[in-house]
Protein chains: 2
Amino acid sequence: MLWERGYVGTSPKAIQLAADAGQGSMYHHFSGKAELARAAIERSGAELRAAAEEQFDNSGTATERVARYLERDREVLKGCRMGRLTADPDVMADPVLRAPVAETFDWLRARLAEIIADGKQAGEYPAGLDAGRTAATIAAVLQGGYVLARAADSEEPFELAVQGLIQLLEGVVA
Amino acid sequence: MLWERGYVGTSPKAIQLAADAGQGSMYHHFSGKAELARAAIERSGAELRAAAEEQFDNSGTATERVARYLERDREVLKGCRMGRLTADPDVMADPVLRAPVAETFDWLRARLAEIIADGKQAGEYPAGLDAGRTAATIAAVLQGGYVLARAADSEEPFELAVQGLIQLLEGVVA
DNA sequence: GTCTATAGTGCGATAGAC
DNA sequence: GTCTATCGCACTATAGAC
């Protein structure tokens with residue numbers, strides 16, 4: 001529900017209905033809306049890391065590994081569960097809610113940087129290519145692709161952006 | 001206010017306070033919240049195009065023109081006025097509100113594609129580089145850069161992503 | 001064209017019985 | 001642990017006087 005409607009747009013009442021739980025029941029287990037969101041965000045973060053790690057296995061070239069991650073089946077038009085939260089001022093204002101979002105993206109960029117470094121070591125990319133910068137670019141293309149796709153109400157811009165990035169990565173082959 | 005709090009998070013009442021206008025006064029000129037948002041979104045779209053066009057002048061190489069656009073002064077941590085709206089389900093669900101968002105990004109991608117095509121013609125990029133794909137990648141890096149920066153509460157990931165993209169564009173020089 | 005008053009709804013949370 | 005009742009508030013909009 002956070003994914004579709006965001007923090008502001010999701011009410012505890014709606015959560016109770018969806019979970020078929022009573023008012024008192026929910027407030028017995030969670031102190032309130034923020035606590036509910038914290039649990040959901042942390043769980044989403046863990047799931048996203050696990051899903052990414054599946055595509056990051058060591059088979060193939062670095063570009064292939066990145067492409068496999070970017071091109072895996074995604075519900076593009078629904079946007080990114082984590083990225084979406086950065087638009088929510090109430091989430092960004094609360095350190096407890098923002099922390100798992102920050103950590104997820106930090107982890108992703110670090111993981112992508114490792115893959116780029118692998119590619120450099122294998123001679124796939126020139127030694128001058130900055131792994132940290134390139135990793136940030138890859139993560140940004142993914143997040144931005146979601147934004148463009150939602151704006152257009154079409155998956156096409158997402159796919160174009162991903163293909164364009166892959167073409168650039170292939171083009172810098174040492 | 002749409003920029004900071006989004007559509008759901010912005011109340012007509014708050015707009016009246018900020019504009020120092022009365023309740024009746026506002027409803028006399030605008031039919032309601034959606035109409036108010038439509039006016040604001042369309043104006044933002046026009047402003048963003050004008051601002052982009054300033055950096056898109058013909059001086060320099062294609063990469064320089066793209067870099068000038070990406071590196072211009074931006075309030076990175078506030079996010080993109082247009083991109084932010086794609087996270088708002090009420091905006092995306094209303095064709096009247098979504099249309100100016102879609103048009104702004106369509107225009108941007110088309111304009112960037114022209115610049116890439118110029119670069120190909122000038123021999124700056126290989127003939128095989130797809131202008132439409134590359135344009136989508138550039139727009140995505142910009143939007144995704146905002147997302148990463150807000151998640152980290154730091155402009156650094158935005159700058160890394162932009163620099164990484166520029167490095168890739170320089171790397172594919174024909 | 002602008003004002004004040006008010007409607008009707010849903011929000012997030014608490015109280016206290018069972 | 002779960003229930004129902006209720007609180008106080010903000011939301012979006014309308015009504016009707018001036």
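Note that the coordinates shown come from a computational prediction; the quantities given were computed from them, not determined experimentally. Here is the naming used below: chain letters follow the sequence lines, and residue numbers restart at 1 for every chain.
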Discussion item. Please tell me if B:H28 has a side-chain N or O lying less than 4.0 Å from either OP1 or OP2 of C:dG1.
Written reply: yes

Discussion item. Tell me whether B:E124 is salt-bridged to B:K120, with the criterion being a basic N under 4.0 Å from an acidic carboxylate O.
Written reply: no

Worksheet, complete the sentence: note: A:D90, atom CG; C:dC11, atom P; distance rounded to Å ~ 15 Å

Practice prompt. Could you tell me whether B:G24 contacts a base, only the sugar-phosphate backbone, or nothing, with contacts defined as non-hydrogen atoms closer than 4.0 Å?
Written response: base

Worksheet item: Should B:K13 be listed as having a side-chain N or O under 4.0 Å from OP1 or OP2 of D:dC11?
Response: no

Worksheet item: Looking at the side chain of B:Y27, which of D:dA5, C:dG1, D:dT14 is the nearest nucleotide?
Response: D:dT14

Discussion item. For A:D20, is the CG atom crowded, meaning more than 12 foreign heavy atoms sit under 6.0 Å from it?
Written reply: no

Discussion item. What is the separation between atom CG on A:L17 and atom P on C:dG12, rounded to the nearest whole Å?
Written reply: 13 Å

Item to complete: Starting at atom CE of B:M26, determine the distance to atom P of D:dC11, rounded to an integer number of angstrom.
Response: 12 Å

Discussion item. What is the separation between atom CZ on B:F30 and atom C1' on C:dG1, rounded to the nearest whole Å?
Written reply: 14 Å

Worksheet entry | Per A:Q23 side chain, nearest of listed nucleotides C:dC11, C:dT14, C:dT2 | C:dT14

Worksheet item: Between B:R5 (CZ) and D:dT12 (C1'), how many Å, whole number?
Response: 17 Å

Discussion item. Can you tell me if A:Q121 has over 12 outside heavy atoms packed within less than 6.0 Å of its CD?
Written reply: no

Worksheet item: What integer distance in Å separates A:Q16:CD from D:dC3:P?
Response: 10 Å

Worksheet item: Is B:H29 near enough to C:dT2 that one of its side-chain N or O atoms lies under 4.0 angstrom from OP1 or OP2?
Response: yes

Practice prompt. Round to the nearest Å and state the distance from A:I15 atom CD1 to C:dC11 atom C1'.
Written response: 13 Å

Worksheet item: What nucleotide among C:dA13, D:dA13, D:dT2 has an atom nearest to a side-chain atom of A:S25?
Response: D:dT2

Practice prompt. Measure the shortest side-chain to side-chain distance between A:Y69 and A:V162 over non-hydrogen atoms and say whether it is less than 4.5 angstrom.
Written response: no

Fill in: Under-4.0 Å side-chain N/O to phosphate OP1/OP2 contact, B:S11 with D:dC11
yes

Worksheet item: Whole-Å distance between C:dT14 P and A:E35 CD?
Response: 13 Å

Worksheet item: How is A:T10 classified with respect to the nucleic acid when contacts are heavy atoms under 4.0 Å: base, sugar-phosphate, or nothing?
Response: sugar-phosphate

Worksheet item: Is a side-chain N or O of A:Q143 found less than 3.5 angstrom from the main chain of A:C80, in a donor-acceptor match?
Response: no

